[in-house]
Amino acid sequence: MKQRSSTKISLKWIPFLCISFFILGTVFSNRLWIPTIFNDCDTKKLYCVLQKPATDNDEKGEVLKTHEAIESLDKSFAMLQIKLAPPGSSQKMKNSDATGAVSTLAGIDSPRKKAFMVIGINTAFSSRRRRDSIRETWMPQGEKLVRLEREKGIIIRFIIGHSATSDSILDRAIDSEDAQHKDFLRLEHVEGYHELSAKTKTYICTAVANWDAEFYVKVDDDVHVNLGKLAALLGRYRSKPMAYIGCMKSGPVLSKKSVKYHEPEYWKFGEEGNKYFRHATGQIYAISKDLANYVAANQHILHKYANEDVSLGSWFIGLEVQHLNIKSMCCGTPPDCELKAKAGNACAASFDWSCSGICRSVEKIKIVHQRCGEGDAVVWSALF
């Protein structure tokens, strides 16, 4: 009887002893048990590497395989996080400043509309004449603007924030202009020359919150654009989810305070005389949906440099981004773009490098449009 009682007591402790030995084994072997049900081949490799006892001959090879498998998993998880960003980022943005924007053609309370591309034309309070010159050339007006959105999925808006003073004469002037043309996207952003990086980030977040587009484009208000050519060009890269499209450059990092494009954080880029990493020039560029969603989801932790185009490029440095250098997006003004148009290869965008836009654009953009424009019918017949 005593022996039988002793057996029952010992059996009762067996599960606890098993768990204890498992924990001790994990600690001393520095390994964790991994389930054997896997679908991904890289994960299988990782499992095999961790389970197979290493010998002196194959230890280095197995460590290398482990490292490669982990890198592959990291990339897969990162891509999944970006693809899942839209719903979460949109929900977060509903409670943030970014979605305080007002779109006169698409109400903020309405669900996000599908679109092919959103074009945000960066403008300032003092640029009324520039905006009018664009309205008179490459940007459709009135019902044509609405039709372009409805039939082609192309949304075009002037993007502008607010003045530092609430309800100022500057803000009222924009309100009046918007009531007339209905082509603004107002941002929760205080306008200022040194705040362009913040404005770009706010534009991307606001555009993502309002439209579910394939591409998001930013262009300055002194650049000429051929909409049909731009749409056809971007249409070629629909299969590239991490596309960063524009004219790539790598200019010098300017450390002197007296120069126009001074970079206060020049020391981050190494020794004096170094260049920036490769990035798209700020006159016009496009980013794919996944990159725009990434910016929207991580807006509060993305660093802003002095130059807006540098800031955008820096946000994509650590990602698996495809930098697409498209020379058609940075043609010169006549005769450059004119010769290309006559040869049947119209430019997507034209400007003067010497002026970082079309020099004297109010007067000259009409000439560029006459000599380099693709024709109003092209965008309506374009397939993308």
Is any side-chain heavy atom of Asp167 less than 4.5 Å from a side-chain heavy atom of Arg172? yes
Tightest non-hydrogen contact, residues Met329 and Cys247, listed as C-SG, 3.6 Å
Can you name the nearest heavy-atom pair linking Cys337 to Cys331, along with the distance? CB-CB, 4.3 Å
So Met117 and Ile155, do their side chains get closer than 4.5 Å, heavy atoms only? no
Listed by chain and number, what are the ring pair (Phe, Tyr, Trp, His ring centres under 6.0 Å) partners of Phe158, not counting sequence neighbours? Phe184
Inter- and intrachain pairs under ring pair (Phe, Tyr, Trp, His ring centres under 6.0 Å), touching residues 317-340, at least two apart: Tyr244-His323
Interatomic distance, Gln180 atom CD to Asp183 atom CG [nearest 0.5 angstrom]: 9.0 Å
Do Ile358 and Ile367 share a hydrophobic cluster, counting only Ile, Leu, Val, Met, Phe, Trp and Tyr and linking them when any side-chain heavy atoms are less than 4.5 Å apart? no
By side-chain contact (heavy atoms from CB on, under 4.5 Å) - contacts of Ala213 (at least two apart): Ala115, Val118, Tyr216
For Lys199 versus Ile159, what's the shortest heavy-atom pair and its separation? NZ-O, 3.2 Å
For Asp221, all residues meeting side-chain contact (heavy atoms from CB on, under 4.5 Å), sequence neighbours excluded: Ile121, Thr123, Ser127, Arg130, Ile134
Take Lys182 and Asp178, measure what salt bridge (Lys or Arg N to Asp or Glu O under 4.0 Å) needs, and give me the verdict at the end. CA-CA 5 Å; Lys182 295 180 172 58; Asp178 191 21; over 6 Å; no
Under 3.5 Å, is there a donor-acceptor pair linking the side chains of Thr281 and Asp309? no
Under 4.5 Å between side-chain heavy atoms, hopping through other hydrophobics if needed: is there a path connecting Ile317 to Tyr305? yes
Smallest heavy-atom separation, Val217 atom then Ala286 atom, equals CG2-CB, 3.8 Å
Using the test side-chain hydrogen bond (donor to acceptor under 3.5 Å, both in side chains), find all partners of Arg360 that sit at least two apart in sequence or belong to another chain. none
Could you go through the side chain to side chain contact (heavy atoms under 4.5 Å, CB included) check for Asp175 and Arg186 one step at a time? CA-CA 9 Å; Asp175 291 340; Arg186 300 299 296 273; 2.7 Å; yes
Let me check something: do Leu319 and Leu302 share a hydrophobic cluster, defined by ILVMFWY side-chain heavy atoms less than 4.5 Å apart, either directly or through other members? yes
Leu312 and His279, any side-chain heavy atoms less than 4.5 Å apart: no
Heavy-atom count check: over 12 atoms from other residues, nucleotides or ligands less than 6.0 Å from Lys366 NZ? no
Pairwise distance OG1(Thr165) to CG(Leu170) - rounded to 0.5 angstrom: 8.5 Å
For the pair Ile287 and Phe215, evaluate side chain to side chain contact (heavy atoms under 4.5 Å, CB included) and give the outcome as yes or no after the intermediate values. CA-CA 6 Å; Ile287 60 175; Phe215 297 96; over 6 Å; no
Evaluate the criterion side chain to side chain contact (heavy atoms under 4.5 Å, CB included) for residue pair Ser328 and Leu233; output intermediate values, then yes/no. CA-CA 9 Å; Ser328 176; Leu233 188 154; 4.1 Å; yes
Mind checking side-chain contact (heavy atoms from CB on, under 4.5 Å) for Ala198 and listing every partner two or more places apart, or none if nothing turns up? His189, Glu195, Lys304
Can you confirm whether Asp171 sits close enough to Ile174 that some side-chain heavy atom of one is under 4.5 Å from a side-chain heavy atom of the other? no
Side-chain touch Leu291/Trp315, heavy atoms, less than 4.5 angstrom: no
Would you name the heavy atoms of Asp212 and Lys114 that are closest together and state the gap between them? OD2-NZ, 2.8 Å
By ring pair (Phe, Tyr, Trp, His ring centres under 6.0 Å), Trp353 pairs with (sequence neighbours left out) Phe351
Report the residues that fulfil side-chain hydrogen bond (donor to acceptor under 3.5 Å, both in side chains) with Ser361, sequence neighbours left out, ordered by chain and then residue number. none
Report, one line per pair, each donor and acceptor closer than 3.5 Å where one atom sits in a side chain of residues 138-148; sequence neighbours left out.
unit_1: Trp138; atom_1: NE1; unit_2: Val223; atom_2: O; d: 3.2
unit_1: Gln141; atom_1: OE1; unit_2: His181; atom_2: ND1; d: 3.2
unit_1: Arg147; atom_1: NE; unit_2: Glu151; atom_2: OE1; d: 3.1
unit_1: Arg147; atom_1: NE; unit_2: Glu151; atom_2: OE2; d: 3.2

Quick check for you: to the nearest 0.5 Å, what is the distance between Ile245 atom CD1 and Ser288 atom OG? 7.0 Å
Can you get from Leu234 to Trp380 by hopping between Ile, Leu, Val, Met, Phe, Trp and Tyr side chains that sit under 4.5 Å apart? yes
Under 3.5 Å, is there a donor-acceptor pair between the Asn122 and Lys218 side chains? no
Please report the interatomic distance CD(Glu214) to NZ(Lys289), rounded to the nearest 0.5 Å. 4.5 Å
For Gly161, does its backbone N or O pair with a side-chain atom of Glu191 as donor and acceptor, under 3.5 Å? yes
Going by heavy atoms in the side chains, are Thr333 and His224 under 4.5 Å from each other? no
Decide whether Glu308 and Ser197 meet the rule of one side-chain donor and one side-chain acceptor closer than 3.5 Å. no
Closest heavy-atom pair and its distance - Glu374, Asn226: N-OD1, 3.0 Å
Could you give the distance from CD (Gln370) to OG1 (Thr137), rounded to the nearest 0.5 Å? 10.0 Å
In terms of hydrophobic clusters joined by side-chain contacts under 4.5 Å, are Phe116 and Ile284 together? yes
Does Ser381 reach the main-chain N or O of Val378 with its side chain, forming a donor-acceptor pair under 3.5 Å? yes
More than 12 heavy atoms of other residues, nucleotides or ligands under 6.0 Å from CZ of Arg129: is that the case? no
Partner set under side-chain contact (heavy atoms from CB on, under 4.5 Å) for Asn345, not counting sequence neighbours: Lys229
By side-chain hydrogen bond (donor to acceptor under 3.5 Å, both in side chains), Glu338 pairs with (sequence neighbours left out) Arg371
With heavy-atom distances below 4.5 Å as the criterion, would you say the side chains of Cys372 and Cys347 are in contact? no
Roughly how far apart are Cys330 SG and Tyr285 OH, rounded to 0.5 Å? 15.0 Å
Not counting sequence neighbours, which residues clear side-chain hydrogen bond (donor to acceptor under 3.5 Å, both in side chains) with Glu363? List them please. none
Side-chain contact test, heavy atoms from C-beta onward, threshold under 4.5 Å: evaluate it for Arg112 versus Val208 and give yes or no. yes
Checking side chain to side chain contact (heavy atoms under 4.5 Å, CB included) for the pair Ile154/Val379: CA distance, chi angles, key distance, verdict? CA-CA 10 Å; Ile154 299 176; Val379 68; 4.0 Å; yes
